[in-house]
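One structure is given here, and the rest of the page talks about it.
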Amino acid sequence: MGEIRKEVQQENQELRTLRHTASHVLAQAVKKLFPAAKLAIGPAIDTGFYYDFDVDAPFTSQDLQEIEKEMQRIIKRNAKLERFVLPREEAIALMREKNEPYKVELIEDLPEGEELSFYKMEDFVDLCAGPHMPSAGKVKAVKLLQAAGAYWRGSEKNKMLQRIYGTAFDSREALEAYVTQLEEAKRRDHNKLGRELELFTTSDLIGQGLPILLPKGARVVQLLQRFVEDEEEQRGYLLTKSPLMAKSDLFKVSGHWDHYYEGMFVLGDKEMDARGEEVLALRPMTCPFQFQAYLNRTRSYRDLPLRYNETSTLFRNESSGEMHGLIRVRQFTISEGHLACRPDQVEAEFRGCVELAQFMLDTLGLREDASYRFSKWDPNNREKYIGDAEVWESTQVFMQEILDSMGIDYTAEDGEAAFYGPKLDIQMRNVHGKEDTLITIQIDFQLAERFGMTYTDSDGQKKHPVILHRTSIGCYERTLALLIEKYAGAFPTWLAPTQVKVLTITERCDDWAREVETLLRASGIRVELDLRNEKIGFKIREAQMEKVPYMLVVGDKEVEDRTVAARSRKDGDLGVQEPQDVLTRLLAEIRTRVR
RNA sequence: GCUGAUGUAGCUCAGGCGGUAGAGCACCUCCUUGGUAAGGAGGAGGUCAUGGGUUCGAGUCCCAUCAUCAGCUCCA
């Protein structure tokens, strides 16, 4: 096994080298066609490569075509790459001479005394650590995909450069396979498929980031919510229902007024607030609301852990360019929960949260696509966070120890924490490979004190509980989006908005079809009746069946026997059966969901 | 928010140089027919995203706004 993995890694490394070389070919081509272009950076990425340029006008799609042709010529000439090294000062001088200010800046940021490597390909020279293919001809297949703006050094304070994305492979076939894969991804894209399947829609009148769940989408979300609430109840959670808005006072205590004002929908403004007028804001999270539930009466150490959950709708004023389908929206509903624990309970409760999240992912079939991120604070950016450095550091160590003891394979990242504590984020990739957080579990040693939440310990002392913030499947809209893409719209039977489609061949069967519908519906099966009486056969029906687990066809011959022809998405033709038999089978199938 | 592209019937799209809108599929009615994306006849549906402007006249040109898409930045 180790050997195979090693080989795969080596292959990936070679592909990255090839793509990095392709980015140099791109830069050379751009320099030839647009001599005024200034070079920034051009790395290989997982799916290909890009290069950033500072140019007067953005690249058009025609520009890309011409650049790609020029790249083909360089590859055909099999231009050789030669490495050479310069001391720092000479390197800066060379880049000044070539009028490449971004390269100069890059070199100046590198440590003193370091030798700097360059690669020369024909008359084109680029600062680069390498490695590279020996010649451009090794790039067998290359394709430019798109141009887009990107900030220099990834900061919106800097100038926006023009980035060209492309991909490269060592064979024509591999490139074609990748392009096919991109088309397949587009087909599964929840934003397209979800609209086609009438799961959701949007309205220009309602606004950006505010999708409407249509009956089928609303049904799936309802099923998910019932499932989550039932499961959490079994695990000792207590459901709350708290208001969707609160006075600014609440958010001042929580710290959101200072740390999250831009992200909130405030019904009024800071000036009104300063004048002492009542200013309400829609809630961007549930924490302080559930804290008020905790504060309803005095708490004993015997009451802990106290686990609150809520199917909670939140509002966040995302900036206009961020919104995307059901993945990034301005209003969403989340399976939110807060656990108040004694210090000696935190570890077990944290584990319980992780296990619950994993159980949810297993049930939905998403676990294999999840990755874990340990999101830490950024000690160099103190104004983003509340509390003392010691609390942060000790909380992070504490969390890390739990993660390690659970054997969770995570990546640690600085600057990704919530403003009040570190997080374990469970990340999911969408069909295009873009990553988003689905589930988050956080440890918070700070807010209980801010809100004056206490319990009386066995020694009679008032103490602050430790708060765990957590979601179990995260936001329902986002989960729905991931499920659409995971199953290409063909939901598992227990989640399918339509479990059975009842069809007829002639209107003489319509009454009998309605009886079958009533029978199934009475048993809690989600039925869609289609009385169009189309004269089409099973093979054709399969096309529309793709998204529906079961299909029943009612016809005259079957009417005589009081039977229906049944077909399953999974098992194919089930033959002609008594409706009761079909019902039994269906119920069994629906109950196969993990419990 | 930034860069770019896009916005014509439910869907996919046509509409060279400005002269007040079309196709396929879907939908509705009727006929034919119990079944392999069936045939025939007819029908409905668009203030061309919205608001301004230029013009005798704008889907077509200009500006603004809104929305959608890709990427960046930010985040669940």
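Given the structure is predicted, the values throughout are model-derived calculations rather than measurements. Below, read A as the first sequence line, B as the second, and so on, with proteins coming before strands; counting in each chain starts at 1.
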In whole Å, I'd like the distance from the [atom1] atom of [X] to the [atom2] atom of [N].
{"X": "A/K157", "N": "B/C74", "atom1": "NZ", "atom2": "C1'", "value": "11 Å"}
{"X": "A/L144", "N": "B/G71", "atom1": "CG", "atom2": "P", "value": "16 Å"}
{"X": "A/L326", "N": "B/U68", "atom1": "CG", "atom2": "P", "value": "12 Å"}
{"X": "A/Q442", "N": "B/C75", "atom1": "CD", "atom2": "C1'", "value": "12 Å"}
{"X": "A/D530", "N": "B/G35", "atom1": "CG", "atom2": "C1'", "value": "14 Å"}
{"X": "A/R330", "N": "B/C75", "atom1": "CZ", "atom2": "P", "value": "17 Å"}
{"X": "A/E322", "N": "B/C74", "atom1": "CD", "atom2": "C1'", "value": "5 Å"}
{"X": "A/M323", "N": "B/U73", "atom1": "CE", "atom2": "P", "value": "18 Å"}

Integer angstrom distance from the [atom1] of [N] to that of [M]:
{"N": "B/A37", "M": "B/C75", "atom1": "C1'", "result": "45 Å"}
{"N": "B/A23", "M": "B/C62", "atom1": "P", "result": "29 Å"}
{"N": "B/C28", "M": "B/A38", "atom1": "P", "result": "15 Å"}
{"N": "B/U12", "M": "B/C17", "atom1": "C1'", "result": "28 Å"}
{"N": "B/G59", "M": "B/C48", "atom1": "C1'", "result": "5 Å"}
{"N": "B/G42", "M": "B/G24", "atom1": "P", "result": "13 Å"}
{"N": "B/U6", "M": "B/C74", "atom1": "P", "result": "28 Å"}
{"N": "B/A44", "M": "B/G51", "atom1": "C1'", "result": "30 Å"}

Just to be sure I understand the rule, does [X] reach a base, reach only the sugar-phosphate, or reach nothing, if contact means heavy atoms closer than 4.0 Å?
{"X": "A/G154", "answer": "sugar-phosphate"}
{"X": "A/R163", "answer": "sugar-phosphate"}
{"X": "A/T440", "answer": "nothing"}
{"X": "A/G325", "answer": "sugar-phosphate"}
{"X": "A/G474", "answer": "nothing"}
{"X": "A/K186", "answer": "nothing"}
{"X": "A/I327", "answer": "base"}

Does [N] have its OP1 or OP2 closer than 4.0 Å to a side-chain nitrogen or oxygen of [X]?
{"X": "A/K159", "N": "B/U73", "value": "no"}
{"X": "A/H324", "N": "B/A70", "value": "yes"}
{"X": "A/Y151", "N": "B/C74", "value": "no"}

Inset, instruction - Can you see which heavy atom on A/A44 is nearest to which on A/R19, and at what distance? - result: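 Where A/A44 meets A/R19 most closely, the heavy atoms are CB-CB, 4.0 Å.
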
[X] bridged to [Y] by N-O distance under 4.0 Å:
{"X": "A/K252", "Y": "A/D258", "answer": "no"}
{"X": "A/R429", "Y": "A/D436", "answer": "no"}
{"X": "A/R307", "Y": "A/E349", "answer": "yes"}
{"X": "A/E416", "Y": "A/R373", "answer": "yes"}
{"X": "A/E100", "Y": "A/K38", "answer": "no"}

Detail all sub-3.5 Å separations between protein N/O atoms and N/O atoms belonging to nucleotides 3-12 of chain B.
from : atom 1 : to     : atom 2 : distance (Å)
B/U3 : O2'    : A/Q162 : NE2    : 3.1

Do [X] and [Y] get their side chains close enough for a donor-acceptor pair, meaning under 3.5 Å?
{"X": "A/Y372", "Y": "A/D425", "result": "no"}
{"X": "A/S312", "Y": "A/R283", "result": "yes"}
{"X": "A/S375", "Y": "A/E413", "result": "no"}
{"X": "A/T202", "Y": "A/R195", "result": "yes"}

Inset, instruction - Tell me which of A/K384 and A/Q208 sits closer to the 5' end of RNA chain B, going by the nucleotide each one is nearest to. - result: A/Q208

Legend entry - Partner of A/H190 by side-chain hydrogen bond (donor to acceptor under 3.5 Å, both in side chains), out of A/E485, A/H324, A/R478: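 Among the candidates, only A/E485 passes.
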
Inset, instruction - Start with the C-alpha gap between A/H259 and A/F419, add the side-chain angles, then the distance that decides, and say whether ring-ring contact (aromatic ring centres under 6.0 Å, His included) holds. - result: CA-CA 8 Å; A/H259 288 89; A/F419 69 79; 5.1 Å; yes

Legend entry - Pairing stems for RNA chain B [at least three consecutive pairs; Watson-Crick or G-U; under 3.5 angstrom]: B:1-7 with B:66-72, B:10-13 with B:22-25, B:27-31 with B:39-43, B:49-53 with B:61-65

Inset, instruction - Return the nearest nucleotide to the side chain of A/K434; candidates are B/C75, B/G1, B/C72. - result: B/C72

